[in-house]
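Have a look at the structure below before the remarks.
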Amino acid sequence: MQKPSLPKGTRDFGPIQMARRNFILDTIKETFQIFGYQQLETPAMENLSTLTGKYGDEGDQLLFKILNSGDFLKNVSEEDFKNGAATTLPKVSEKGLRYDLTVPFARYVVMNRHELTFPFKRFQIQPVWRADRPQKGRYREFYQCDADVVGTDSLLCEAEIILMIHKVFSKLGIQDYSIKVNNRKILTGIAEAIGEAGKEGPLCVAIDKLDKIGKEKVEEELRQRGFGEEAITKLQPLFDANPEDFDAGLEFLKGFLAESETGKQGIAELEETLNILASLGGTRDHVAFDFLLARGLSYYTGAIFEVKAHGVKIGSVSGGGRYDDLTGVFGMPGVSGVGFSFGVDRLYDVMEELGLFPEDNLSAPVLLLAHFDQKGFDYAASLLSQVRAKGIRAELYPDLTKLKKQLDYASKKGIPFVGICGDKEIESKTVALKDLTTGEQSSVTLEEMLEKLY
RNA sequence: GUGAUUGUAGCUCAGCUGGUUAGAGCGCUGGUUUGUGGCACCAGAGGUCGCCGGUUCGAAUCCGGUCUUUCACCCCA
């Protein structure tokens, strides 16, 4: 006999965990829906050609590939094998597990472009898979909750994203968090302002680590990435500026980016987003301007978001941004969109670490009908449907056994009430209803019981 | 992919420098209580010490490999 085990980085979710996950999932789903997003699902697997090349070299490495069915070696020659994995792979695998929800969404938009009404707002809540090394807050199978709008450049979408984040976090009870916002155009402007135009990619990778590894290390990394001393010197005011105050940060950048058209545009977009947010009645609470925030630059072109919960050592729980040409690689250029994503698994970890889950067992039934013998069982069975018809979660203990065992079962499962059915109860057409939390017990009719439990 | 780290009963863990029949707490089963759970007491079941190999008279303990866990880096939700 073998000991069963799970693949690395995957987990089972038991009843309690599922109740909690559903609480998070339902909150997010309701929020998306109330903002006018409609649900979409795509297959777990995509053609490998859809996935490869979309996430950079790193991403390709982290893709789970699915071995072709049947004799997967039939197209592989001796020579392919010698040439190594790169040439052999396409011959043994043509499908892969989805790595995120954005690329499958782009594929869907392109394939259904004639059917869709733009702007198209969709949300998608599904697992994704990454062949990463698991660690804290990082799994190989995890859920993403994406909401994207494609086909509009309106900054209303950006403002609404902030509103949705506020709403979800408030419902989940997470109070201490920050929504960091930035704009890719500001980063481009910074690269221009320091005389390294077009190099915002490497610039971002390096400065993104500022709070993690410190100024000196960042400068070192910039030199390694080919930035001149002059550029690094020009960057100094940025390192020293502490953008605690949103407006102060903006004012500072207006000066710093005075020569960069793109940079000024980025600032204007950010200000406009805040204006719309205000007219929507939203607050700026938790919103922080972080002009060094850089993430997922492979496709973001405008706004960038990242949400972090404070007081826990877990990476970002949500993030997103605007991309101008999501569907270009699939032959449909010029479709701009903006989207963001909640990481349910990380939200779960955050809430667990902060003790934000309510104590009561949300998924447990409310009533267990217990009995002493076949007669009691039959009597209880006759009541069961009437209880359930009222919408009360109820179950009947299935085996004839001692009452002790049935009570034990109820308290372990977190069922608060037990309806005991014996000869006395059958005779008087009642139920001995016991409240397991207080230990109190009273003889009640079916109607009285329904009244009490409803 | 790089560097660490973990693995002993269902769970959490003891087991010192290698030495008889590997322990505890919790949980589980039964009983004290044949119409009443939680508390208490009593009894019992349960372990190829992750796996493979090596060193040794002798390995849970030392060595190598492998898988697994956790963590950091890279990157990311």
Side-chain angles (χ1 to χ4, degrees), chain A residues 1-11 14 24 28 55-63 85 98-102 124-146 204-206 208-209 212-213 217 221 294-298 305-309 313-321 339-350 368 370-373 375-376 397 400-426 431-443:
Chain A
M1 202 181 69
Q2 57 158 347
K3 266 192 186 169
S5 63
L6 283 173
K8 198 194 275 246
T10 67
R11 300 142 303 150
I24 300 173
I28 294 171
Y55 310 106
D57 292 342
E58 289 267 357
D60 285 354
Q61 290 246 301
L62 299 179
L63 283 174
R98 77 166 97 75
Y99 178 89
D100 71 357
L101 300 178
T102 311
Q124 193 169 344
I125 299 178
Q126 290 188 271
V128 302
W129 295 269
R130 295 181 189 180
D132 229 345
R133 281 260 184 112
Q135 53 180 283
K136 194 177 176 73
R138 174 177 292 188
Y139 309 98
R140 288 185 141 181
E141 177 184 64
F142 61 97
Y143 271 70
Q144 285 192 329
C145 308
D146 273 36
C204 291
V205 172
D208 192 36
K209 298 176 194 161
K212 213 168 186 178
I213 60 176
K217 289 267 173 85
E221 185 161 342
R295 36 164 294 125
L297 1 111
S298 44
F305 304 95
E306 178 168 285
V307 185
K308 282 201 162 166
K313 277 198 236 159
I314 291 168
S316 59
V317 291
S318 176
F340 77 117
S341 177
F342 287 109
V344 188
D345 305 85
R346 285 187 176 177
L347 281 171
Y348 185 104
D349 291 343
V350 166
L368 173 75
H371 44 77
F372 299 101
D373 49 27
K375 262 178 15 195
Y397 198 86
L400 294 180
T401 181
K402 277 181 275 196
L403 183 61
K404 179 185 164 95
K405 196 159 183 184
Q406 302 179 54
L407 285 167
D408 212 35
Y409 170 82
S411 48
K412 283 199 177 126
K413 196 164 166 179
I415 302 175
F417 291 97
V418 177
I420 302 165
C421 303
D423 291 345
K424 279 188 271 176
E425 286 74 24
I426 296 173
V431 169
L433 187 63
K434 187 178 175 80
D435 182 337
L436 290 191
T437 43
T438 63
E440 284 166 23
Q441 185 173 326
S442 57
S443 182

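Order of the sequence lines fixes the chain letters, A, B, ..., with proteins taken first and strands second; residue numbering starts at 1 for each chain.
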Nearest-angstrom distance, [atom1] atom, [N] to [M]:
N: B:rG37; M: B:rU33; atom1: P; answer: 12 Å
N: B:rA60; M: B:rU21; atom1: P; answer: 10 Å
N: B:rG54; M: B:rA45; atom1: C1'; answer: 36 Å
N: B:rC75; M: B:rG7; atom1: C1'; answer: 28 Å
N: B:rA77; M: B:rG30; atom1: C1'; answer: 49 Å
N: B:rG23; M: B:rU36; atom1: P; answer: 38 Å
N: B:rG27; M: B:rU12; atom1: C1'; answer: 11 Å
N: B:rC57; M: B:rC13; atom1: C1'; answer: 33 Å

Listing time: all N or O pairs from protein to nucleotides 42-46 of chain B that are below 3.5 Å?
none

How long is the line joining [atom1] of [X] and [atom2] of [N], in whole Å?
X: A:Leu6; N: B:rG50; atom1: CG; atom2: C1'; result: 15 Å
X: A:Asp345; N: B:rC76; atom1: CG; atom2: C1'; result: 13 Å
X: A:Phe340; N: B:rC76; atom1: CZ; atom2: C1'; result: 18 Å
X: A:Leu400; N: B:rU34; atom1: CG; atom2: C1'; result: 15 Å
X: A:Glu306; N: B:rC76; atom1: CD; atom2: P; result: 10 Å
X: A:Gln61; N: B:rU2; atom1: CD; atom2: P; result: 11 Å
X: A:Arg130; N: B:rG1; atom1: CZ; atom2: P; result: 18 Å
X: A:Asp60; N: B:rC75; atom1: CG; atom2: C1'; result: 13 Å

* Asked: For A:Gln61, does the CD atom sit with more than 12 other heavy atoms under 6.0 Å from it, leaving out its own atoms?
  ->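 No, CD of A:Gln61 has 12 or fewer neighbouring heavy atoms, counting only those of other groups under 6.0 Å.
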* **Pairwise 5' ranking along RNA chain B for A:Val307 and A:Thr10, keeping only the more 5' one** =>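 The residue whose closest nucleotide sits nearer the 5' end is A:Thr10.
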With 3.5 Å as the limit, what N/O pairs link the protein to nucleotides 70-74 of chain B?
residue	atom	partner	partner atom	Å
B:rC71	OP2	A:Lys136	N	2.7
B:rA72	OP2	A:Gln135	OE1	2.7
B:rC74	O2'	A:Glu58	OE2	3.2
B:rC74	N4	A:Arg138	NH1	2.6

Atom [atom1] in [X], atom [atom2] in [Y]: separation rounded to 0.5 Å?
X: A:Leu407; Y: A:Lys434; atom1: CG; atom2: NZ; result: 6.5 Å
X: A:Phe417; Y: A:Leu368; atom1: CZ; atom2: CG; result: 13.0 Å
X: A:Arg98; Y: A:Gln124; atom1: CZ; atom2: CD; result: 6.5 Å

* Asked: With a 4.5 Å heavy-atom cut-off, do A:Arg346 and A:Ser316 have their side chains touching?
  -> yes
* To do: Kindly indicate whether the side chain of A:Asp146, heavy atoms from C-beta on, has any atom under 4.5 Å from the side chain of A:Gln126.
  =>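 The answer is no, as the side chains (C-beta and beyond) never meet within the 4.5 Å cut-off.
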Between [X] (side chain only) and [Y] (backbone N and O only), is there a donor and an acceptor less than 3.5 Å apart?
X: A:Arg140; Y: A:Asp132; value: yes
X: A:Asp373; Y: A:Leu400; value: no
X: A:Ser318; Y: A:Ser341; value: yes

* Asked: Between A:Phe142 and B:rA77, do the rings stack, that is, sit under 5.5 Å apart with planes less than 30° off each other?
  -> yes
Within the sub-3.5 Å range, which N or O atoms of nucleotides 35-37 of chain B have a protein N or O partner, and how far apart are they?
residue	atom	partner	partner atom	Å
B:rG35	O6	A:Lys424	N	3.2
B:rG35	N1	A:Glu425	OE1	3.0
B:rG35	N1	A:Glu425	OE2	3.4
B:rG35	N2	A:Glu425	OE2	3.2
B:rU36	O2	A:Lys434	NZ	3.1
B:rU36	O2	A:Gln441	OE1	3.2
B:rU36	N3	A:Gln441	OE1	2.5
B:rU36	N3	A:Gln441	NE2	3.1
B:rU36	O4	A:Gln441	NE2	2.5
B:rG37	O2'	A:Asp408	OD1	2.7
B:rG37	N1	A:Leu436	O	2.5
B:rG37	N2	A:Leu436	O	3.1

* Which part of the nucleic acid does A:Tyr139 contact within heavy-atom distance under 4.0 Å: base, sugar-phosphate only, or nothing? ->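 Base: the residue A:Tyr139, judged by heavy atoms under 4.0 Å, touches a nucleobase.
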* With sequence neighbours excluded, tell me which residues meet side-chain hydrogen bond (donor to acceptor under 3.5 Å, both in side chains) with A:Asp408. =>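 So A:Asp408 forms a side-chain hydrogen bond (donor to acceptor under 3.5 Å, both in side chains) with A:Lys412.
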* Opposite nucleotide pairing with B:rC13, Watson-Crick or G-U, both atom distances under 3.5 Å ->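 Paired with B:rG23.
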* **Base partner of B:rC41, which must satisfy Watson-Crick or wobble distances under 3.5 Å** => B:rG31
* Could you list the residues that satisfy ring-ring contact (aromatic ring centres under 6.0 Å, His included) with A:Phe372, not counting sequence neighbours? =>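 Scan of A:Phe372 (ring-ring contact (aromatic ring centres under 6.0 Å, His included), adjacent residues dropped) gives none.
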* To do: Taking the six-membered ring for Trp and the full ring for Phe, Tyr or His, determine whether the centres of A:Phe340 and A:Phe305 are under 6.0 Å apart.
  => no
* Asked: Looking at residues at least two apart in the chain, or sitting in another chain, which of them share a salt bridge (charged side-chain N to carboxylate O under 4.0 Å, His left out) with A:Asp423?
  -> A:Lys375
